[in-house]
Amino acid sequence: MTAIDRETLRQLPKAELHCHLDGSVRPQTLLDLAAEYGVEMPRPDAASLGEFMTVRNAQSLEDYLARFEVTLSVMQRAEALERIAFELAEDAHRDGVWYIETRFSPILNVRGGLSTHDAVYAVTRGLERAERQYGVIARVIICALRDLAPDVSMELARLAVASRHFGVVGFDLAGGERGHPASRHARAFEYARTHDMACTCHAGEGDGAQSIREAVHTCCANRIGHGTRLFEDQALLDYVNDRRIAVEMCLTSNVQTSAAPSYGGHPLREYYEAGLNVVLSTDNRLMSATTLTDEYVHAADHLALPFADLARIAINGFESAFLPWQQRLDLIARARKAIAQLQSGEDGR
């Protein structure tokens with residue numbers, strides 16, 4: 001039983017900065033699209049498919065990532081991408097999320113002849129429709145992949161820059177870390193940065209602090225995805241802290257991939273108490289069978305973070321978003337007002 005009421009944490013205004021589109025598909029949507037496109041799913045109904053897609057006790061990050069082939073099998077058409085993006089933003093809205101950045105690699109959505117540009121536009125159409133309907137602000141981060149050639153990363157960096165007026169706000173590098181250093185993709189990050197595109201980078205999830213060091217110093221990322229093993233390098237931790245580089249933390253996912261030994265053994269609280277700019281995210285709502293509210297509940301239950309600290313982490317999310325600063329200020333002001341109302345027992349929205 002959480003010391004903080006779950007509904008209070010659902011109503012807490014939240015920003016979701018690390019959420020993979022292809023890891024956050026509804027099971028029923030997978031079945032619907034599979035039937036429409038003639039694709040076979042590993043389970044016949046939504047409940048059993050959702051259970052199958054939930055990764056439990058993965059031996060490695062790569063083991064965790066293997067499930068993505070199932071979702072990608074039905075994410076090869078524009079209408080599918082638009083539907084999945086809309087439903088993710090709809091689910092986020094119901095979860096008390098006011099702002100969400102969803103990330104994906106369009107190079108994985110071209111098997112049926114779709115162009116990477118069309119894949120991006122399909123996703124942004126779905127997000128825009130959700131924003132009109134629900135008011136949730138939704139944007140896109142384009143991911144390069146560590147195991148693909150640096151030229152592909154450059155292509156994706158160019159795509160991100162070219163799509164900045166279509167809801168794309170950032171560039172990322174994802175995929176298995178070990179044996180695939182971020183430094184191989186430094187030119188793509190340089191292109192994104194010199195064209196004024198914000199950057200984040202997965203690091204310190206499937207490899208050690210040296211991976212984070214490359215993300216920070218070679219790729220000059222504005223945020224770090226996961227950063228679970230940052231504690232292994234105190235000098236780097238101090239550097240990240242001093243420069244307010246946001247660390248996008250995903251409790252459930254990190255436990256599943258063994259990046260953290262348990263919820264209670266996750267370094268989130270240690271980082272927070274050291275003053276780091278930490279934010280909470282889901283990573284993959286489907287594979288981790290989680291919501292952002294769940295992640296806040298875990299932080300309250302297993303790390304004994306009080307409501308005031310969780311509210312501060314929520315504000316960190318708005319402050320670290322890849323939105324124009326004035327839009328962030330507006331969201332922060334609204335969020336602080338809602339938090340004050342929650343703390344006084346009033347309705348949070």
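As the structure is a prediction and not an experimental result, all values here were calculated from the model.
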Handout entry: Trace of the side chain to side chain donor-acceptor pair (under 3.5 Å) decision for Thr252 with Glu295
Key = CA-CA 7 Å; Thr252 299; Glu295 297 302 295; 2.6 Å; yes
Strictly below 4.0 Å, N to O, side chains only: are [X] and [Y] in salt-bridge contact?
| X | Y | answer |
| --- | --- | --- |
| Asp294 | Arg6 | yes |
| Arg312 | Glu273 | no |
| Arg244 | Glu319 | no |
| Arg26 | Glu90 | yes |
| Arg56 | Glu51 | yes |
| Arg229 | Glu232 | yes |
| Arg10 | Asp95 | no |

Exercise for the section: May I ask you to decide if the ring planes of His18 and His20 are parallel, tilted or perpendicular, using 30° and 60° as cut-offs? Expected result: perpendicular
Exercise for the section: I would like to know whether His185 and Phe189 meet ring-ring contact (aromatic ring centres under 6.0 Å, His included); could you show each step before the answer? Expected result: CA-CA 7 Å; His185 307 271; Phe189 278 96; 7.9 Å; no
Practice task
Carefully, step by step, assess Tyr121 and Phe166 under the rule ring-ring contact (aromatic ring centres under 6.0 Å, His included).
Solution key: CA-CA 7 Å; Tyr121 300 154; Phe166 296 93; 4.6 Å; yes
Problem - Single-linkage hydrophobic cluster, 4.5 Å side-chain cutoff, Val110 and Ile142 together - result: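 Val110 and Ile142: separate clusters.
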Is the positively charged end of [X] above the ring of [Y], judged by distance under 6.0 angstrom from the centroid and angle within 45° of the axis?
| X | Y | value |
| --- | --- | --- |
| Arg243 | Tyr239 | yes |
| Arg158 | Tyr191 | yes |
| Arg67 | Phe52 | yes |

Handout entry: Pair Arg223-Glu101, salt bridge (charged side-chain N to carboxylate O under 4.0 Å, His left out): steps then yes or no
Key = CA-CA 13 Å; Arg223 298 193 321 230; Glu101 294 170 0; 2.7 Å; yes
Problem - Among Glu128, Arg125, Gln133, the one residue meeting side chain to side chain contact (heavy atoms under 4.5 Å, CB included) with Phe86 - result: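 The single option meeting the side chain to side chain contact (heavy atoms under 4.5 Å, CB included) with Phe86 is Gln133.
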Handout entry: Atom CZ of Arg187 with >12 non-hydrogen neighbours under 6.0 angstrom
Key =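 No - once you tally the heavy atoms of other residues, nucleotides and ligands closer than 6.0 Å, there are 12 at most.
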Exercise for the section: Report yes or no: does Ser211 contribute a side-chain atom to a donor-acceptor pair with the main-chain N or O of Asp207 at less than 3.5 Å? Expected result: no
Handout entry: Test side chain to side chain donor-acceptor pair (under 3.5 Å) applied to Asp309 and Tyr272, step by step
Key = CA-CA 9 Å; Asp309 290 346; Tyr272 177 79; 3.0 Å; yes
Problem - Residue pair Thr228 / Asn254, side-chain donor-acceptor N/O under 3.5 Å - result: yes
Exercise for the section: Apply salt bridge (charged side-chain N to carboxylate O under 4.0 Å, His left out) to the pair Asp233 and Arg213, showing each step before the final yes or no. Expected result: CA-CA 9 Å; Asp233 187 331; Arg213 184 170 285 278; 2.8 Å; yes
